[in-house]
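Here is the structure we will look at, set down as structure tokens.
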Amino acid sequence: MKRHTFSMLSLLTTALLLSACSMNQFDDLTFTDGSFPYGNNAIPADAPITSIQALKTEKYPQLFQSSSLYNYQYTTVVEDLYISGRIVSNDESGNVYKTIAIADETGAVVIGVNATGLYSFLPMGQKVIVSLKGLDFGAYSNMPEVGKAFMSDKYGLQLGRISQKDFEQHIRLIGSPEPSAIAPEEMTEAKLKSLKATDYPRYVILKDVTFADGGQPYAPNDGATEDRYISVGSQKVDCRMSSYANFAQSIIPTGRVNVTGLLTLYGSTKQLLVRVADDITPAQ
Amino acid sequence: MKNIILLVFLLAGGVLTAGAQVVVTDEPTGQQNNQTASGQAAAENDESAFTFTESQLGEDDDAIQSVSALTSSSNDIFLREVGYLFSPMRFKVRALDSKYNDVLVNGVLMNDAETGRFSYGMIGGLNDATRNQEGVGSFETNRFAFTPVGGASNINMRASQYATGSKASVSATNRNYIARAMFTHSTGLMPNGWAFTMSASYRWANEGVIEGTFYNAFGYFLAAQKKWGDRHSLSLSTWGAPTERAQQSAATEEAFALAGSHYYNPYWGYQNGVKRNARVVTSFEPTAVATWDFNINDDSRLSTSASFKYSNYGTTALGWNGNAADPRPDYYKKLPSSAYNVWDATHVVTADDYAAWQSLYDTFTGSPAGRQINWDQLYFANHQANAVGGEALYYVEERHNDQMALNLTSTYSRTLNRFNRLVGGVALSATQGMHYKTMSDLLGANTYIDVDKFAARDYGRGSQLAQNDLRNPDRRIAEGDVFGYNYNIYVNKARAWGQYSFNNGPLALVLSGQVTGTTLERFGFMQNGRAADRSYGSSGVAKFLGGGGKAMFAWRPNARNVISLNAGYQKDAPLAYNAFIANRTRSDFVHDLKLEGIFSAEASYALTAGPFQGRVAGYYIRFDNAVEQTAFYNDSQSHFTYLTMNGIERTHYGVEAAAVMHVTSSLYFTFIGNVGEALYTNNPAAVLTYEDASAYIASPKNPVTGQEEQLRVIAEGCRVGSTPLTALSLGVDYNVNGWYLGANVNYYDRVFIGFSPYNRLTNIYQANQKCYVSDGSIDENGNPSYGVDEATLLENGGILYNADGTINKAYSVRQQQCKGGFMVDANIGHNIRLKKGRSVSINLTVNNLLNNTNMCTGGYEQSRDDLYYEDGVAGEARTYVFSKNPKLYYANALNAFLNVGFKF
């Protein structure tokens with residue numbers, strides 16, 4: 001009997017100890033440069049970098065020389081070509097959709113990616129290297145863009161989005177994001193007037209401006225995108241507001257504001273893509 | 001005489017209250033669909049049909065144990081065999097939910113008062129401790145309860161009832177766990193009047209038969225009993241089974257095909273090279289029962305028990321925040337068939353379609369990691385968010401369904417004479433269910449703020465509507481903190497029942513009745529921004545008075561034949577689980593809650609003739625005013641959605657047969673079979689509630705008159721899913737010289753996929769253009785023409801309106817059905833008797849010997865239709881066809897259970 005009691009107690013204790021240790025314990029992960037679980041770490045960190053402006057004006061200037069109002073020329077990059085810069089886009093609100101934008105000291109470019117929630121891996125200020133070989137580069141309604149051509153029902157072959165899987169093969173993240181390392185360029189009327197197609201897109205701030213539709217919601221709940229205009233002197237800028245944006249139902253300020261965003265070109269229309277609600281602040 | 005008066009009172013009460021209406025007091029006037037037209041935003045998030053906890057589904061623990069309620073000491077061959085035999089296919093007796101089956105311990109009802117179901121996890125691994133069971137069918141006489149339509153079993157846990165001695169066993173298997181050890185010791189009733197029994201077990205799997213699942217479960221049972229003379233006995237039994245186990249998910253046929261296995265489990269993924277499961281159940285339901293047995297005299301006995309249970313039940317799940325992408329590897333956008341409509345034969349596949357398809361195909365099939373959760377990326381996203389001062393993008397939450405229950409039961413039985421016996425009892429119970437979620441793991445993130453991401457998206461982060469708790473706005477959540485929702489459900493029940501049995505040789509008559517009183521109340525601890533005045537505090541108390549009666553009649557013309565005819569009717573209070581339209585966020589009761597009516601009848605014939613013993617029974621059960629609730633993430637509307645059907649009518653009927661034929665004393669054949677039907681027979685009213693009140697779909701309007709109509713679910717003709725409605729088994733058993741050999745061939749068919757009420761809502765029909773109005777013309781058969789053919793209606797569903805706006809006929813969407821098939825089981829065992837009464841037994845059971853991996857046990861349709869919506873108005877068709885992609889479960893492949901036991 002005693003022996004039984006002993007074996008019983010030993011079993012109880014062992015079982016209790018075993019089961020008391022959770023089998024669902026995991027330590028937090030830490031990450032070191034060059035081994036990030038997103039992107040392609042095989043892209044060399046010291047790859048020869050072509051500046052974004054040089055890509056547009058030196059490598060492929062012919063793509064942007066069309067006199068057409070709606071230029072959709074593109075080419076497939078067949079050589080080893082790398083650009084590098086910091087992320088200036090943010091798709092958290094949903095107003096920026098399936099797109100990232102990268103800026104270096106010389107300029108910026110947008111990349112169409114068939115994925116949402118891109119900001120979770122590529123937040124603002126994240127430095128990246130993009131290997132362009134195998135991707136398509138050209139004009140999308142005049143604006144320089146990196147993507148992957150697709151057959152459009154209406155317009156034939158034109159630039160479209162890169163699949164998520166493919167995109168991850170072409171981008172490498174360098175270091176931790178530094179939001180303070182990016183600053184928007186102030187756009188004045190004069191500057192706006194002087195911009196050529198290859199100067200787009202740009203990471204900009206429009207200071208001390210007013211919306212034409214102050215008092216209205218940014219975008220009514222109709223599934224469409226609303227044009228909300230800002231005048232900078234004689235220059236009209238079209239703020240594209242998606243009804244899917246998380247601030248779409250907020251009211252446009254009636255007073256003077258500073259507006260930050262991505263200045264893009266569509267045909268001949270200057271558009272400003274506001275990224276998050278905080279991009280619009282009262283002017284001092 | 002007093003007893004007879006009491007019984008008559010109970011029976012009369014039962015019959016009278018069967019017709020009683022619900023009395024609801026203090027219930028604030030309900031507004032049900034406080035839907036405001038607002039942001040219908042990008043449909044980027046999809047949390048698959050929110051699955052209820054396994055215990056609520058009755059899919060608890062290993063299949064063998066989950067249906068064992070009726071396996072022992074039953075007089076009915078069918079019930080005795082069916083639980084074990086058909087468990088791999090999750091067979092439900094008479095297609096009844098487990099809430100219609102009561103499990104008692106020492107006469108105390110142990111079913112969860114909120115869900116109505118017994119949680120088998122409560123006694124997990126305690127096979128030896130729960131072996132003394134008395135199982136009875138709905139119409140069998142018994143000494144412990146007024147049994148529900150699914151029958152009942154009473155587990156006797158008095159310490160003196162266990163075989164004296166010790167028993168140890170070790171098992172190896174390839175099921176949910178891979179190793180088990182059990183030890184049980186009982187002193188038996190000692191001369192000093194004391195008896196002690198203790199039992200312990202441990203079940204373990206680093207990885208069970210399903211990839212990415214582990215199992216870690218301990219079980220203990222301790223019981224003491226003291227007898228004073230022949231008249232009094234006190235016993236105390238306490239047990240618990242702290243368990244931690246990872247879960248398996250249902251998946252679509254496409255995902256199974258691409259993964260190359262019907263056992264593909266999307267719940268796990270690699271974290272730093274180690275498998276981690278996102279869905280981990282942690283449960284521990286310590287329970288204690290104290291019982292006083294009083295043998296008043298030779299003819300009467302009083303047994304009184306009190307029980308206390310404090311159960312902890314939590315399930316983890318991945319959560320994501322802001323606009324982060326859906327992390328689930330089988331999210332529909334990650335499946336190749338989302339690239340273009342692969343079901344549309346007219347669709348011209350372009351090179352881009354194909355490229356998109358190929359890219360998804362390559363990711364999913366390329367490596368196991370490509371179709372599992374990428375934990376490293378989830379941590380990395382949070383690491384990035386930390387760097388820019390953002391909130392957690394991904395996290396693991398734990399949804400808790402804890403409960404405290406107190407029961408008091410007293411049962412009196414009296415044998416009046418050799419023909420007449422009376423049994424009766426009272427039972428009181430108070431239950432406090434505690435429902436909340438906690439932050440289980442922030443996955444390396446620094447902060448998380450308690451706001452609702454869907455409402456934040458629709459109304460803006462600054463809106464009051466986005467707050468989960470207005471009393472603690474923008475609360476910062478650390479690991480272990482409660483967030484999201486937090487409420488209690490209080491259920492109080494009182495019941496009195498009685499049973500009179502008369503047995504005089506050829507004639508037996510049993511009459512029984514019960515009266516029940518139930519109160520339900522929700523108390524919210526958070527003031528939810530979407531229901532600011534309907535969430536915090538008490539919901540008011542809903543009261544229900546129910547009851548019922550049964551009559552069982554048996555005629556035994558001789559020793560060989562028994563014919564019995566049984567019928568009963570009862571009204572049961574709705575379950576707390578179904579009684580609130582959106583229990584996580586609001587305190588509103590379902591409008592017009594009624595008692596569920598259950599009519600049940602059964603006729604059976606039993607024959608015993610020499611070596612043959614057989615029984616055949618026909619049954620018919622009809623439910624009315626039933627309530628069912630489903631809760632799921634609604635991708636069409638991008639909102640967590642509750643759908644309550646009220647006033648459901650259902651009919652279950654069929655034939656059960658069982659026979660045993662002894663060819664020799666050591667060889668016998670057993671047949672059992674059930675062919676049944678379990679149909680929804682009306683189109684119940686529906687309430688659709690969104691957790692974020694902004695979503696809405698237009699109310700159905702009569703296409704002729706334009707008048708708003710009651711929202712309904714076109715359920716008529718749908719069947720109860722996830723159980724084989726046809727199940728047949730032929731077995732042979734042979735024993736010789738201490739060896740036992742057995743084999744069974746089992747055939748299953750007519751397993752239906754659980755139907756989605758959402759896809760059958762009348763407004764979803766309207767959005768999908770399934771309402772057809774007669775133009776007044778007559779077709780060649782002389783019937784009104786609706787411009788649609790019967791085949792289309794039977795496949796896709798539809799409502800036919802006459803030219804005056806009345807409904808001619810409504811068709812439900814065709815419910816999908818699994819293919820039937822055979823499964824073979826075999827077992828071999830040997831008993832070796834040793835000296836001093838010791839013995840060793842070895843048993844090997846092999847289930848699914850032929851390794852049939854195509855036996856679908858059920859599943860569920862995805863609750864979303866195939867259209868995009870803008871502002872509640874249906875738009876274009878989606879490329880991914882949800883209606884063609886139900887999520888399925890499959891019965892285990894070949895599996896074995898080896899058990900070595902030692903008695904000493």
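Reminder, nothing fancy here: chain letters follow the sequence lines and each chain counts from 1. Values below: every heavy atom of this structure, side chains too, minus hydrogens, waters and symmetry copies.
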Q) With only heavy atoms counted, which part of B:Gln271 is less than 4.5 Å from chain A, the side chain, the backbone, both or neither? A) side chain
(Q) Looking only at side-chain N and O atoms, does B:Tyr202 offer a donor or acceptor that is under 3.5 Å from a partner on B:Asn216? (A) yes
Q) Side chain, backbone, both or neither: which part of B:Lys334 has a non-hydrogen atom closer than 4.5 Å to chain A? A) neither
(Q) Please classify the contact of A:Asn114 with chain B as side chain, backbone, both or neither, using a heavy-atom distance under 4.5 Å. (A) neither
Q: Apply the test side-chain contact (heavy atoms from CB on, under 4.5 Å) to residues A:Asn90 and A:Val96: give CA-CA distance (whole Å), side-chain angles for both, the deciding distance (0.1 Å), then the verdict.
A: CA-CA 7 Å; A:Asn90 181 354; A:Val96 175; 6.0 Å; no
Q. Tell me, side chain or backbone of A:Gln126 under 4.5 Å from chain B's heavy atoms, or both, or neither?
A. side chain
Q. Is it the backbone or the side chain of A:Glu168 that comes under 4.5 Å from a heavy atom of chain B, or both, or neither?
A. side chain
Q. If you take all heavy atoms of B:Ala246 and B:Gly212, which pair is closest and at what distance?
A. CB-O, 3.9 Å
Q | Over 12 foreign heavy atoms within 6.0 Å of NZ, A:Lys165 | A | yes
Q | Region of B:Asp376 that comes under 4.5 Å of a non-hydrogen atom in chain A | A | both
Q) Contact part of B:Leu393 toward chain A, heavy-atom cut-off under 4.5 Å: side chain, backbone, both or neither? A) side chain
(Q) Tell me if the aromatic rings of A:Tyr140 and A:Tyr72 count as close, with their centers under 6.0 Å from one another. (A) yes
Q.
What part of B:Asp441 gets within 4.5 angstrom of chain A, counting heavy atoms only: side chain, backbone, both, or neither?
A. side chain
Q.
With a 3.5 Å distance limit and no angle check, can you tell me whether A:Lys127 reaches the backbone of A:Gly175 through a side-chain donor-acceptor pair?
A. no
Q: Pick one of side chain, backbone, both or neither for A:Ala115, based on which atoms fall under 4.5 Å of a heavy atom in chain B.
A: neither
Q | Engaged part of A:Ala219 at the chain B interface, taking heavy atoms whose separation is under 4.5 Å | A | neither
Q. Which bit of A:Ser250 is near chain B, if near means a heavy-atom gap under 4.5 Å: side chain, backbone, both or neither?
A. neither
Q: Measure A:Leu118 against the heavy atoms of chain B and call it side chain, backbone, both or neither at under 4.5 Å.
A: neither
Q: Taking the six-membered ring for Trp and the single ring otherwise, decide whether the centroids of A:Phe167 and A:His170 are under 6.0 Å apart.
A: no
Q | Minimum heavy-atom distance between A:Tyr218 and A:Pro253, given as atom pair plus value | A | OH-CD, 3.2 Å
Q) Is chain A contacted by the side chain of B:Val388, its backbone, both, or neither, given a heavy-atom distance below 4.5 Å? A) both
Q: Would you mind telling me which of A:Asp227, A:Thr264, A:Thr225 makes a side-chain hydrogen bond (donor to acceptor under 3.5 Å, both in side chains) with A:Arg240?
A: A:Asp227
(Q) At a 4.5 Å cut-off on heavy atoms, which part of B:Thr350 comes close to chain A: side chain, backbone, both, or neither? (A) neither
Q: Quick one: which of B:Val280, B:Leu442, B:Asn206 has the most heavy-atom pairs under 4.5 Å with chain A, could you say?
A: B:Val280
Q: Name the region of B:Asp353, side chain, backbone, both or neither, that has any atom closer than 4.5 Å to a heavy atom of chain A.
A: neither
Q: Under 4.5 Å heavy-atom distance to chain A, tell me which part of B:Ala205 shows up: side chain, backbone, both or neither.
A: backbone
